[in-house]
Colleague: 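I have a structure here, written as structure tokens, and I will follow up with some questions on it.
Along the sequence shown, residues carry numbers from 1. Quick caveat, the model's predicted, so the values are computed rather than measured. For the numbers below, each heavy atom of this structure counts, side chains included, while hydrogens, waters and symmetry mates do not.
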Amino acid sequence: MRSLKLTEDEYERTVESLRGTRLVGVTYYPLSCGDEATDVEEWDFDVWHQATMGVGLLAENGVHYSAVWGSSFDHHGLEIFREPMSSHLTMIGPPDGVTAVAVNRHRAWSGLIGVPLVGAEILWSEGDHGFRLPVAVQLRAPAATVWIVAGRPAHCPPDGIFDLGTDDVMTVFTHEFAAAAGLPLGGGED
């Protein structure tokens with residue numbers, strides 16, 4: 001994983017540029033597992049997905065966005081860059097890299113593909129130490145919402161308790177689950 005620094009202004013501009021965008025591709029980068037690391041770890045947990053290393057978004061106009069965990073804001077949080085995942089992950093694909101899994105045809109993403117995004121918001125968390133941390137980005141289309149989150153289950157197997165601001169990426173597809181996972185949700189969103 002390459003670590004690029006991001007300023008708050010750059011981050012705000014990048015997320016703002018997603019508004020009105022039509023997504024045509026979504027790719028997860030989960031970890032590999034098994035004896036030869038040739039199997040993809042389980043990532044589909046119905047109302048949330050564990051993308052681990054990041055989420056790649058492809059816009060209709062050919063622009064790539066990378067949602068990855070990073071520490072530009074002094075602690076792990078979600079960062080979005082206007083560049084392909086290959087700018088952030090040093091090894092993609094076999095034999096030793098993370099697997100790219102196209103999910104744009106997955107039912108959870110169906111309401112977000114091919115339609116203009118009507119909203120793109122950063123969810124900031126005020127940490128215990130008084131710092132602002134971007135823990136998620138919410139993308140909204142007329143019929144669907146997704147939160148791309150720096151977070152992971154607190155236990156394996158997942159038991160409904162999540163840690164936010166970690167070095168993993170997950171996606172969440174319902175307001176109820178986003179609230180249960182501890183995302184700092186504002187009023188009137190969704």
Side-chain angles (χ1 to χ4, degrees), residues 6 8-30 42-70 77-89 100-125 133-153 158 162 164-165 168-190:
L6 185 66
E8 191 170 325
D9 288 341
E10 290 170 318
Y11 193 32
E12 294 278 355
R13 282 192 303 274
T14 299
V15 171
E16 173 68 30
S17 75
L18 282 160
R19 289 191 187 113
T21 296
R22 292 175 189 264
L23 298 178
V24 295
V26 180
T27 304
Y28 291 163
Y29 295 87
E42 184 177 0
W43 55 266
D44 187 345
F45 297 91
D46 193 33
V47 297
W48 70 277
H49 295 166
Q50 187 69 44
T52 307
M53 298 304 291
V55 177
L57 304 172
L58 176 60
E60 185 178 60
N61 62 3
V63 173
H64 290 264
Y65 292 87
S66 299
V68 297
W69 57 269
L78 184 79
E79 299 180 2
I80 295 190
F81 295 91
R82 206 172 162 162
E83 27 187 59
M85 284 298 283
S86 59
S87 297
H88 303 277
L89 297 178
V101 178
V103 295
N104 43 294
R105 293 184 185 263
H106 191 285
R107 65 178 169 74
W109 281 94
S110 64
L112 293 145
I113 300 295
V115 297
L117 295 177
V118 296
E121 308 293 334
I122 301 169
L123 279 66
W124 296 91
S125 174
L133 180 69
V135 294
V137 167
Q138 179 191 45
L139 302 178
R140 292 188 318 274
T145 300
V146 65
W147 291 264
I148 304 174
V149 183
R152 66 172 167 235
F162 291 83
L164 301 179
D168 293 276
V169 176
M170 58 188 280
T171 55
V172 173
F173 298 97
T174 69
H175 192 274
E176 295 77 20
F177 192 85
L183 290 177
L185 302 177
E189 296 174 351
D190 197 314

Colleague: Given the rule in the side-chain contact (heavy atoms from CB on, under 4.5 Å) test, do L123 and L78 qualify, once you have shown the distances and angles that lead to the verdict?
Modeller: CA-CA 9 Å; L123 279 66; L78 184 79; over 6 Å; no
Colleague: Students often mix this up, so state it plainly: with edges at 30° and 60°, are the rings of F177 and F162 parallel, tilted or perpendicular?
Modeller: perpendicular
Colleague: Tell me the closest heavy-atom pair linking Y29 and G56, and the distance in Å.
Modeller: CE1-N, 3.9 Å
Colleague: Would you indicate whether the side-chain heavy atoms of F45 and P158 approach each other to under 4.5 Å?
Modeller: yes
Colleague: Measure across L112 and R140 and return the closest heavy-atom pair with its distance rounded to 0.1 Å.
Modeller: CD2-C, 4.4 Å
Colleague: What is the distance from atom OG of S86 to atom NE2 of H64, rounded to the nearest 0.5 Å?
Modeller: 8.0 Å
Colleague: Please walk me through it: do W109 and N104 pass side-chain contact (heavy atoms from CB on, under 4.5 Å)?
Modeller: CA-CA 6 Å; W109 281 94; N104 43 294; 5.6 Å; no
Colleague: Nearest 0.5 angstrom please: L133 CG to L164 CG, how far?
Modeller: 9.0 Å
Colleague: Might you work through the side-chain contact (heavy atoms from CB on, under 4.5 Å) test for W147 and T171, ending with a clear yes or no?
Modeller: CA-CA 6 Å; W147 291 264; T171 55; over 6 Å; no
Colleague: Between S87 and F81, is there a side-chain heavy-atom distance shorter than 4.5 Å?
Modeller: no
Colleague: For residues T52 and Y28, is any side-chain donor paired with an opposing acceptor at under 3.5 Å?
Modeller: no
Colleague: Hey, what do you get for CD (E10) to CD1 (I80), rounding to the nearest 0.5 Å?
Modeller: 14.0 Å
Colleague: Working to the nearest 0.5 angstrom, can you tell me the gap between E42 CD and Q50 CD?
Modeller: 10.5 Å
Colleague: Considering residues at least two apart in sequence or located in another chain, which fulfil the salt bridge (charged side-chain N to carboxylate O under 4.0 Å, His left out) criterion with R152?
Modeller: D167, D168
Colleague: So, do V103 and T27 sit near enough that their side-chain heavy atoms are less than 4.5 Å apart?
Modeller: no
Colleague: Do you know which two heavy atoms are closest between A179 and L185, and how far apart they sit?
Modeller: N-CD1, 3.7 Å
Colleague: What are the two closest heavy atoms between P116 and G20, and how far apart are they?
Modeller: CB-O, 3.9 Å
Colleague: Is it true that D46 and R107 make a salt bridge, defined as a side-chain N closer than 4.0 Å to a carboxylate O?
Modeller: yes
Colleague: So, for H49 and F173, is the gap between ring centers shorter than 6.0 Å?
Modeller: yes
Colleague: Over all heavy atoms of both residues, which pair between A67 and I148 is shortest? Give the atoms and the distance, please.
Modeller: CB-CG2, 3.8 Å
Colleague: Quick one: closest heavy-atom pair of T14 and Y65, and the distance?
Modeller: O-CE2, 4.0 Å
Colleague: Take L57 and L139 through the side-chain contact (heavy atoms from CB on, under 4.5 Å) test and state the conclusion after the steps.
Modeller: CA-CA 11 Å; L57 304 172; L139 302 178; 4.0 Å; yes
Colleague: Going by the rule side-chain hydrogen bond (donor to acceptor under 3.5 Å, both in side chains), which residues pair with W43 if we only count those two or more places apart in sequence or in a different chain?
Modeller: none
Colleague: How long is the span from the CE atom in M85 to the CE atom in M53, to the nearest 0.5 Å?
Modeller: 7.5 Å
Colleague: Roughly how far, to the nearest 0.5 Å, is the CZ atom of R22 from the CG atom of L58?
Modeller: 14.0 Å
Colleague: Using modelled atom types only, decide if a donor and an acceptor are shared between the side chain of T21 and the backbone of S17 within a distance under 3.5 Å.
Modeller: yes
